[in-house]
Amino acid sequence: MGSGRAGEYMSKKQRILFLYLNTGSGHLTPARILASHLTERYGDSVECMLLNGFSPKQYFSRLLFERGYHFTNTFIHGAYSVFYDINTIPCVLRLTTLLTLVRTAPFLARYIREHGITKVVCLHFALGPAAKSALRTLGNTIPLILIVTDPFTAHPAWFLVKRAQYIVFSHMLQEQARLHGIRHAAVFPFILKKEFARFPELPPPAPQNEVQSGASPFRVLIAGGGEGLPGMVRLVRYIARQQAAGETPRIELTAVCGNNRVAYRRLMQIQKKYGSCSLHVLGYVQTMPELLRNADCIVSKAGASTVFEIASCCKPVIFCTYIHGQELGNVRFAVQNGIGWVIRKPADIYRKLCSLAQSPQLCRAASQAAAQLNVRSDLDGIGRFIVEL
């Protein structure tokens, strides 16, 4: 839009509300990124607020969506996939939506009215219908924007709200939105932190025998977002045992546990038991961009942010787990573009890491494939879309 029209929109202070749920970091992180960018870009003309869309008294909804998500991803990983698939059944989806809407909509309407909100940005599928219902009770004068945080395969619950503005991260998902009756879905690059915005230069080709000769260890980063990586302890134990037995090539492990304290304690015990293995155990970190760039290969799950952050750093990745349906598109994106592999068993993952360590050209090929994707973010574009709507 032209500068004159933009100035018209900015003549009054905007109060923009970002809605999220604590189901992993895939919803809260982009909300924080956008809120920070808008505050920095537009200064006093925009005030951003972040809100967990469930009220503190919604014990059942929080148990079902938030605590249930954390528990199943930590201890019963397949259970979340079952819950995800069951809720694609229309009658079940309607029931789940009704259960969350009854208490959520009045809570949101009250918050929006009391804080003078002028625009609502929703980043979780479970909150879309409730947000729309809340705005309807307030006169339907406040714009609603839904940002579909799953870039390739999204749950049908994302598209229950027909009259709203959508932001999606691929033309594939834009087409899926149209099939669900969504007319207005703008396509933007995936939301990434500024640390990932600058495309890194690829290193020069490694000598064929650099890693094989043992001159430097092969650096592997094992991470899985704020909750850690499911199965991390079993994987690290297997690799540490093989390395402690003197196997080559040498592998240097860095395991990021996030907020998973149980995994952190167990990995510290493994570090003590297999002292000859090069193992670094970290909790929740703020230096993930540096850790990704310093690694030769990453072992992780297939969350959207993880996939695009790794691709932006031009690193090969091994997916040891992913959520069926929700993250399937992320896996296909990485595998079909030659930057990753799906390997589940610790022994098979270890063999793949050894193969990559002994053949630097394989890592180089994956890095070049990632470079060709030219992964970048467009916070300015998304910010203008939100502010000028």
Side-chain angles (χ1 to χ4, degrees), residues 73-74 77-78 206 208-225 227-258 260 262-282 291-303 306-307 310 313-322 327 330-331 334-335 338-367 369-370:
N73 272 277
T74 303
H77 187 63
Q208 180 69 23
N209 62 348
E210 178 183 355
V211 180
Q212 292 176 334
S213 64
S216 59
F218 187 71
R219 297 166 298 183
V220 176
L221 174 65
I222 302 177
E227 300 303 314
L229 180 66
M232 173 186 288
V233 174
R234 191 162 62 101
L235 173 61
V236 172
R237 182 187 293 113
Y238 183 89
I239 298 176
R241 185 186 299 123
Q242 307 306 120
Q243 289 288 292
E247 288 194 5
T248 57
R250 291 192 299 137
I251 294 177
E252 178 182 300
L253 291 177
T254 299
V256 180
C257 303
N260 192 330
V262 174
Y264 182 84
R265 289 195 298 268
R266 291 179 179 176
L267 290 184
M268 291 300 294
Q269 293 171 354
I270 293 173
Q271 183 187 59
K272 183 177 180 180
K273 181 177 181 179
Y274 301 102
S276 59
C277 171
S278 180
L279 170 61
H280 310 283
V281 183
L282 304 175
L291 292 173
L292 288 174
R293 291 194 176 100
N294 290 333
D296 294 310
C297 182
I298 292 91
V299 179
S300 188
K301 60 181 181 180
T306 299
V307 171
I310 292 172
C313 293
C314 299
K315 300 294 182 178
V317 57
I318 296 174
F319 299 115
C320 61
T321 183
Y322 65 92
E327 295 175 347
N330 305 339
V331 170
V335 173
I339 66 173
W341 303 269
V342 180
I343 309 175
R344 295 187 179 275
K345 295 181 179 179
D348 295 337
I349 293 173
Y350 180 67
R351 280 193 289 270
K352 185 64 177 181
L353 291 174
C354 291
S355 175
L356 293 171
Q358 294 170 330
S359 304
Q361 66 274 17
L362 295 180
C363 286
R364 178 71 182 180
S367 296

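- Applying the side-chain hydrogen bond (donor to acceptor under 3.5 Å, both in side chains) test to R265 and every residue at least two apart in sequence or in another chain returns nothing.
- Using a 4.5 Å cut-off on side-chain heavy atoms (C-beta onward), P316 and W341 make contact.
- Considering CG of L362 and OG of S367, their distance stands at 11.0 Å, rounded to 0.5 Å.
- Looking at every heavy atom in both residues, A366 comes nearest to I339 through O-CG2, 3.6 Å.
- Distance CG/L353 to CD1/I343: 7.5 Å, rounded to 0.5 Å.
- Nearest heavy atom pair, residue C363 against residue L356, reads SG-CB, 3.9 Å.
- For the residue pair T321 and R344, the shortest heavy atom distance occurs at CA-NH1, 4.0 Å.
- Considering all non-hydrogen atoms of both residues, G228 and P230 come closest at O-CD, 3.6 Å.
- Under the 4.5 Å side-chain criterion, counting only non-hydrogen atoms from C-beta, T306 is not in contact with V317.
- Atoms CD1 and CD1, from I318 and I349 in turn, are 6.5 Å apart once rounded to the nearest 0.5 Å.
- In this structure, M232 and I222 approach most closely via the heavy-atom pair CE-O, 3.8 Å.
- Here the NZ atom belonging to K345 is positioned 9.0 Å from the CZ atom belonging to R351, to the nearest 0.5 angstrom.
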Give every donor-acceptor pair under 3.5 Å between a side-chain atom in residues 271-280 and any protein atom, sequence neighbours left out.
| from | atom 1 | to | atom 2 | distance (Å) |
| --- | --- | --- | --- | --- |
| Q271 | NE2 | L279 | O | 2.7 |

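- Of all the heavy atoms in L221 and A295, the pair that sits closest is CB-CB, 3.8 Å.
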Please set out all donor-acceptor pairs under 3.5 angstrom arising from side-chain atoms of residues 237-249, sequence neighbours excluded.
| from | atom 1 | to | atom 2 | distance (Å) |
| --- | --- | --- | --- | --- |
| Q242 | NE2 | E247 | OE2 | 2.9 |
| Q243 | OE1 | I251 | N | 2.8 |
| Q243 | NE2 | P249 | O | 3.1 |
| Q243 | NE2 | Y350 | OH | 3.0 |
| E247 | OE1 | Y350 | OH | 2.9 |

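- By the 4.5 Å heavy-atom criterion applied to side chains, V233 and I270 are counted as neighbours.
- Between the side chain of N330 and the backbone N or O of A302 there is at least one donor-acceptor pair closer than 3.5 Å.
- In this structure, D348 CG and C320 SG are separated by 12.0 Å, a value rounded to the nearest 0.5 Å.
- Here the straight-line distance linking atom CZ of R219 with atom CD1 of I298 works out to 10.5 Å at 0.5 Å rounding.
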